[in-house]
Amino acid sequence: MKIMTKYNLLSLSIILVMTAAILTTGLVIIKSILYNTEGRALRLELMNASQTIFQQLNHTGLRASRQTAADLQNYLAHETGFQTLRLYIIEAPNRIVYHPDYPAEEVVHFPFLDQM
């Protein structure tokens, strides 16, 4: 092979390796941006749900807020990213307002409640 052909093949292989490296780096960056955006969207959806429940609690009372929480639990369980969602509301003295597994108005002592 001529030396010019070898240099051309070397140049072509360097260009292909650099292109692959740039594409891989770009994909990693785009995936991290999309992951962060999806996380923000999920947090905003949860904040919207909590505001809706608290508005119902303040305006129409406990029963309406329980119904709203149950409706939001059903709605969010069918949304992408919320399949394992467990929505619950517990008031300050550890009294349950809404929980899918426990009856309302029951006093509970979960260890994580002291940290919230």
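All values below were derived from every heavy atom in this structure, side-chain atoms included, with hydrogens, water molecules and symmetry-related copies excluded.
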field: Set of side chain to side chain contact (heavy atoms under 4.5 Å, CB included) partners for I14, sequence neighbours left out
entry: L10, M18
message: Suppose we screen for side chain to side chain contact (heavy atoms under 4.5 Å, CB included). Which residues come up paired with L16, at least two apart in sequence or across chains?
response: L12
statement: With sequence neighbours left out, the residues meeting side-chain hydrogen bond (donor to acceptor under 3.5 Å, both in side chains) with E105 are R66, R95
query: Who else is in I22's hydrophobic cluster (ILVMFWY, side-chain heavy atoms under 4.5 Å, direct or via others)?
result: none
message: Once salt bridge (charged side-chain N to carboxylate O under 4.0 Å, His left out) is applied, what residue pairs with a partner in residues 81-90 remain, sequence neighbours excluded?
response: R86-D101
Counterpart residues, side chain to side chain contact (heavy atoms under 4.5 Å, CB included), relative to T24 (two or more places apart): none
query: What distance separates M4 CE from L9 CG, expressed to the nearest 0.5 Å?
result: 11.5 Å
- prompt: Which heavy atom of I53 sits nearest a heavy atom of S65, and at what distance?
  reply: O-CB, 3.8 Å
query: Mind checking what makes side-chain hydrogen bond (donor to acceptor under 3.5 Å, both in side chains) contact with N8, not counting sequence neighbours?
result: none
field: Members sharing Y7's hydrophobic cluster (side chains within less than 4.5 Å)
entry: I3
message: Side-chain heavy atoms under 4.5 Å apart, restricted to Ile/Leu/Val/Met/Phe/Trp/Tyr: what other residues fall into the cluster of I30, or is it alone?
response: L34
- line: Members sharing I29's hydrophobic cluster, built from side-chain contacts under 4.5 Å between Ile, Leu, Val, Met, Phe, Trp and Tyr, are I33
message: If the condition is ring pair (Phe, Tyr, Trp, His ring centres under 6.0 Å), which residues does F54 pass it with, not counting sequence neighbours?
response: none
query: What pairs meet the side-chain hydrogen bond (donor to acceptor under 3.5 Å, both in side chains) rule with one or both residues in residues 33-60, with sequence neighbours excluded?
result: Q56-T60
